[in-house]
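Chain letters run A, B, ... following the sequence lines, proteins first, then strands; residues in each count from 1. Keep in mind that this is a model prediction, so the values were computed, not measured.
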Amino acid sequence: MAREYKLHSTTPTTPRIDYKAELNEQQHAAVTAPPGQTLVIAGAGSGKTRTLTYRVAWLLDNGVLPEQILLLTFTNKAAREMLERVTMLVPVDIQRLWSGTFHSIGNKFLRWNSERLGYRKGFSIMDREDQKDLLETVVTNSGIDTEGIRFPKAEVLGDIFSMADNTCESIEEIVATRYPYFDKLIDDITKLRKLYQKKKVETNCMDFDDLLTQSVRLLKENEDLRERYQRQFEFVLVDEYQDTNRLQCEFIEMITGKDGNLMVVGDDAQSIYSWRGADVTNILNFHEQWPRARVFKIEVNYRSVPEVLELANASIANNRAQIRKNLQPAREGKGTLPALVPLDSGSAQASFVCQRILEQQDEGVELNEVAVLYRAHFHSMELQMELTSRGIPFKITSGLRFFEQAHVKDVACFIKFAINRRDEVSFMRMVKLIPGIGGASANKVWNEWLKTEAANAEVMTGKFSDLLIPMTVPKKARETWDQFAYTLDELIVDGKPATPPEMIRSIYDGVYEDYMRAKFKNAEQRQQDLEQLSNYSSRFTDPLEFLSNLSLLSGVDTENKPDQQEERDAVTLTTAHQAKGLEWHTVFAIWMADGMFPHARAVEESDLGLEEERRLFYVTVTRAKDELYLTYPVLNHQARDGDILMKPSRFITELSADLMEKWNVRSGW
DNA sequence: GTTCGTTGCCTTTTT
DNA sequence: GGCAACGAAC
């Protein structure tokens with residue numbers, strides 16, 4: 001006979017949450033859905049994050065261990081925010097929970113198991129620029145004649161390969177559908193892809209897409225790993241499912257298993273990443289892949305006033321491919337309609353936005369509650385200048401992320417090379433910083449380096465300087481070259497890498513300070529960036545982990561900003577894409593002119609392109625809680641063609657005029 | 001042959 | 001403002 005024995009928990013018992021009281025009926029149904037496969041269709045502003053958060057809390061509340069939960073989100077920031085909210089509901093050590101983007105989770109798997117794929121330990125991660133550099137050398141060494149004909153540049157090749165990876169289609173299919181003008185070059189492109197893949201293994205580097213393709217390969221080819229991970233991750237949750245692609249879908253399948261517990265949450269009306277290979281059919285045909293899946297809908301919008309929501313609903317109704325939803329407002333109307341504001345010029349538009357922001361501030365709206373959204377980064381230029389000259393603080397999600405800035409990448413390439421001594425891209429970047437060394441000389445020293453033992457050894461035993469200084473370099477470069485070699489010595493102490501902050505200090509003091517002063521006008525500003533980088537790095541003892549985080553997290557500044565900066569009251573400037581999941585009291589959507597939004601190129605592509613632009617417009621307007629301004633300049637001044645007459649966006653003209661109020665703005669004198 | 005400054009052209013969205 | 005192509009200087 002068996003005896004029942006209970007082990008008392010040393011932590012206080014989890015407080016039971018009153019889920020019924022804190023959630024609406026639809027949310028409650030999704031949160032407490034039984035195990036199995038679940039699709040949650042959640043409209044804009046319907047408490048999608050809230051639902052997922054409570055789902056995680058509910059699982060923990062029902063005895064699921066944090067380690068058994070895998071939470072996949074679109075950005076690392078979203079994962080962090082969700083986990084922070086979970087801890088407010090239930091006492092749990094969120095470190096134990098697995099959460100993050102597909103790439104960061106894939107990276108974790110690969111760090112443990114890269115040898116099984118023919119890689120060495122401690123591979124480097126290449127960003128798009130590194131990828132481009134490596135592809136350039138692959139093309140040059142391939143012997144393929146790229147002269148005369150219109151041969152795709154390295155960047156375009158990277159896009160083609162990436163698209164093939166993410167959609168799990170062949171090069172032939174990708175070229176046929178997206179790059180028909182390269183039709184005759186398919187053989188060359190396919191050959192280059194093979195060469196590139198080989199080169200990545202040789203240099204022990206992975207690009208962003210490898211983090212996923214190789215993870216999927218790893219799980220497909222190794223039954224033991226597949227079983228182990230499937231057993232561990234009892235509950236898999238996926239956010240923003242409408243923006244997943246074929247490859248991510250396979251990843252989910254591998255990690256969940258045919259009968260696993262999977263909950264995906266998304267809104268097909270907000271699918272805006274097809275250009276990156278996202279496939280709306282993932283969400284539209286979810287039940288075909290998972291026949292026993294339950295479907296829940298959440299159709300109450302808590303965010304926006306009815307006036308804003310009506311405009312959004314009317315707009316998205318023009319799209320054909322979608323799941324019909326009936327999004328209902330929970331809030332009371334205010335009686336003011338969204339504003340349609342034509343302005344004379346781009347600068348008038350900037351002035352208008354600034355003036356309205358100041359007026360709003362007087363009315364008690366904090367700057368944190370105001371955002372300006374646009375289709376493309378360069379749309380914000382004029383506004384940035386105007387805001388600066390008026391002294392209105394703003395924070396901008398810029399085109400370049402922290403890690404992508406030249407000076408940060410420069411410093412990182414020293415660390416990368418010191419750790420992965422086959423990292424050709426980093427080596428090249430590093431030595432080309434030396435005055436007098438360009439591509440040709442760099443190639444020569446690289447080939448010499450490859451012949452040394454240190455390039456192939458697991459651990460670095462000798463000194464870099466002993467190997468590098470005897471090499472022949474141009475006379476002009478000699479002195480700096482030696483200095484570089486000694487700097488590298490400081491990065492590896494007794495075969496062990498120094499700590500990240502020590503490395504950064506050595507690189508900066510040893511060589512980079514001089515370089516930066518000579519090269520950049522704003523050296524002061526960049527020095528502060530590196531200071532911040534060093535601060536950030538101090539939390540890591542393993543440089544590899546530091547580097548992974550640097551390339552996979554969206555940036556140091558968002559991750560580790562001193563409170564003062566983070567809390568500072570400021571207007572947000574962002575692209576519509578990056579505004580995903582966020583909300584503000586007042587939203588200005590600027591450059592709402594045809595050709596700008598929708599973007600001219602997206603319209604040329606196909607009907608599908610236009611529908612995606614409309615979904616992006618839908619995302620834009622549904623960010624507004626109370627006030628929405630749609631502005632566009634009537635005249636667009638261009639350096640080459642002079643003034644061009646602009647028409648309002650077709651997304652505005654196709655709407656009934658009584659959904660908004662037109663403002664006639666006149667300039668003062 | 002190699003490096004480096006100058007000129008002219010173009011500008012979507014990102015993990 | 002960023003990048004490729006071109007041409008001058010080493």
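Centre separation under 5.5 Å together with a plane angle under 30° does not hold for the ring of A:W275 and the six-membered base ring of B:dT12, so they are not marked as stacked. Stacking between A:H103 and B:dT15 is absent: the aromatic ring centre is not both under 5.5 angstrom from the base six-membered ring centre and within 30 degrees in plane angle.
Counting to the nearest Å, the C1' atom of B:dT15 and the CD1 atom of A:I272 are 13 Å from each other. Atom CZ of A:F597 and atom P of B:dT11 are 19 Å apart (whole Å). The interatomic distance linking A:M163 (CE) with B:dT15 (C1') rounds to 13 Å, in whole Å. A:Q131 places its CD atom 15 Å from the P atom of B:dT15, with the value rounded to the nearest Å. The distance between atom CG of A:N166 and atom P of B:dT14, rounded to the nearest whole Å, is 16 Å. Atom NE2 in A:H599 sits roughly 11 Å away from atom C1' in B:dC10 (whole-Å rounding). In this structure, A:L616 places its CG atom 13 Å from C1' of B:dT14, rounding to the nearest Å. Rounded to whole Å, atom C1' of B:dT15 lies 12 Å from atom CG of A:N107.
Judged by closest nucleotide on DNA chain B, A:I437 is the one of A:T73 and A:I437 placed further toward the 5' end. Residue-to-nucleotide proximity on DNA chain B shows that, of A:E613 and A:R128, the 5′-proximal contact is made by A:E613.
The distance between the ring centers of A:W591 and A:Y374 does not fall below 6.0 angstrom. Aromatic rings from A:H599 and A:W275 are positioned such that their centres are separated by 6.0 Å or more.
Nucleic acid contact class of A:S104 (heavy atoms, under 4.0 Å, all strands): none. Using a 4.0 Å heavy-atom distance criterion, A:F102 is classed as making no nucleic acid contact. Among the protein residues, A:P474 comes within range of no part of the nucleic acid, since none of its heavy atoms lies under 4.0 Å from any strand.
Among the nucleotides B:dT3, B:dT15, B:dC4, the one closest to the side chain of A:P435 is B:dC4. Closest approach to the A:A376 side chain among B:dT13, B:dT3, B:dT14 is made by B:dT13 (side chain taken as heavy atoms from C-beta onward). Considering only side-chain atoms of A:T101, the nucleotide from B:dT14, B:dT2, B:dT15 that sits closest is B:dT15. Set against B:dT14, B:dT2, C:dA5, the side chain of A:H577 has B:dT14 as its closest nucleotide. Minimum atom distance to the side chain of A:R375 is reached by B:dT13, of the listed B:dT15, B:dT3, B:dT13.
No side-chain N or O of A:E386 forms a donor-acceptor pair with one of A:Q384 less than 3.5 Å apart. Side-chain contact check for A:D127 and A:S551: no donor-acceptor pair (N or O, by modelled atom type) lies under 3.5 Å.
Not one side-chain nitrogen or oxygen of A:T575 sits closer than 4.0 Å to the OP1 or OP2 atom of B:dT12. Distances shorter than 4.0 Å separate some side-chain N or O of A:Q578 from OP1 or OP2 on B:dT14. Between A:K476 and B:dC4 there is a side-chain N or O to OP1 or OP2 distance below 4.0 Å. Between A:K132 and C:dA4 there is a side-chain polar atom (N or O) within less than 4.0 angstrom of OP1 or OP2. Within the structure, every side-chain polar atom (N or O) of A:H377 is placed at least 4.0 Å from both OP1 and OP2 of C:dG1.
Figure legend: A:R539 and A:F546 shown without cation-pi pairing, the cationic atom not lying both under 6.0 angstrom from the six-membered ring centre and within 45 degrees of its axis.
Note: A:F597 and A:F651 have perpendicular aromatic rings, judged against thresholds of 30 and 60 degrees for the angle between ring planes.
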